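Single-structure report; data block below.
Naming: A, B, ... by sequence-line order, numbering from 1 per chain. Everything quoted here is computed from the prediction, not taken from an experiment.
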Amino acid sequence: MNIFRLAGDMTHLLSILVLLLKIYATKSCSGISRKTQELYAIVFMARYLDLFTDFISVYNTFMKLIFIASSLAIVWCMRFHPVVRRSYDRELDTFRYFFLVGASFALALVWHDKFTLQEVFWAFSIYLEAVAILPQLVLLQRSGNVDNLTGQYVFFLGAYRAFYILNWIYRYMTEPRFTRWIAGISGVVQTALYADFFYYYFISWKNNSKLKLPA
Amino acid sequence: LKVKNVKDEL
């Protein structure tokens, strides 16, 4: 484990904590896309099928369980929590996400490391994660004003992706035969989706003003 | 020499 990978995992964890904090402290999920959260729940469940077959480390297993449990808990809150669900921006969260699931699965059937159930689902989860943020970004764009915790949530998610790219560059340079085409290319695509958001995030941070996305 | 691409990342 190198420092970039650890920083990536920690910012990922932090993003989830910020989101849970927002929901818990404000009893509101306004500005959060339930569709993105549902996609993440699918991503983690599809990717971590290896929990049943491989053991890598206590850290690895623990993090996998955290990601699955937290994404399911967030989706549960947004759908069923008597107070939280009322603040869900249903009319803004209209991205047709079944298209993303279908396209990711189709791509996984074509491009995978091995044609086994586990490997196809792993590739599917990588492709789906790359685009899972789209409903969230569209929702933010539509609502214009972004509250602090929601802005920080998306910022930490983007930081997690950026650190993973640094991690791959580091591993590519230090480990013999390290190549990860599927994860690498998808990871670059995923990180690029955050570029626009980052731009406005840094401007608002520099000016010490509220984050606003142009319509 | 072929090394299995272990899925050790999250």
Side-chain angles (χ1 to χ4, degrees), chain A residues 1-2 4-6 8-13 16 40 43-44 46-51 53-57 59-68 71 112-114 116 118-119 121-123 125-126 129 160-161 163-165 167-168 170-171 175-184 186-187, chain B:
Chain A
M1 166 103 65
N2 61 64
F4 303 112
R5 161 77 199 284
L6 183 66
D9 286 351
M10 290 306 113
T11 41
H12 192 185
L13 205 55
I16 293 169
Y40 281 137
V43 163
F44 296 135
R47 187 175 307 165
Y48 300 152
L49 288 174
D50 63 355
L51 275 172
T53 58
D54 299 276
F55 177 78
I56 292 156
S57 65
Y59 170 85
N60 196 279
T61 300
F62 179 75
M63 294 290 270
K64 284 173 175 169
L65 293 175
I66 291 273
F67 290 150
I68 292 173
S71 61
H112 44 252
D113 285 339
K114 249 192 293 172
T116 62
Q118 197 169 314
E119 289 292 333
F121 271 96
W122 181 85
S125 81
I126 295 289
E129 187 189 356
Y160 141 61
R161 296 314 313 180
F163 279 124
Y164 255 73
I165 289 183
N167 154 58
W168 290 323
Y170 181 85
R171 292 188 72 170
E175 291 176 32
R177 296 179 299 272
F178 180 85
T179 47
R180 299 257 160 114
W181 288 110
I182 291 180
S186 311
Chain B
L1 196 74
K2 205 154 164 55
V3 179
K4 193 181 171 238
N5 218 1
V6 183
K7 310 257 191 273
D8 59 347
E9 293 177 348
L10 299 162

Do A:Asn167 and B:Glu9 pair up side chain to side chain, a donor and an acceptor below 3.5 Å, judged on atom types alone?
yes
For A:Phe62, I'd like to know if atom CZ has over 12 heavy atoms of other residues, nucleotides or ligands within 6.0 Å.
no
Which atoms of A:Asn60 are under 4.5 Å from chain B, going by heavy atoms: the side chain, the backbone, both sets, or neither?
both
Roughly how far apart are B:Lys7 NZ and A:Asp54 CG, rounded to 0.5 Å?
10.0 Å
Do A:Arg47 and B:Leu10 have side-chain heavy atoms sitting under 4.5 Å apart?
no
Rounding to 0.5 Å, atoms CG (B:Asp8) and CZ (A:Arg5) come to a distance of 6.0 Å
Can you tell which part of A:Phe67 gets under 4.5 Å to a heavy atom of chain B, answering side chain, backbone, both or neither?
side chain
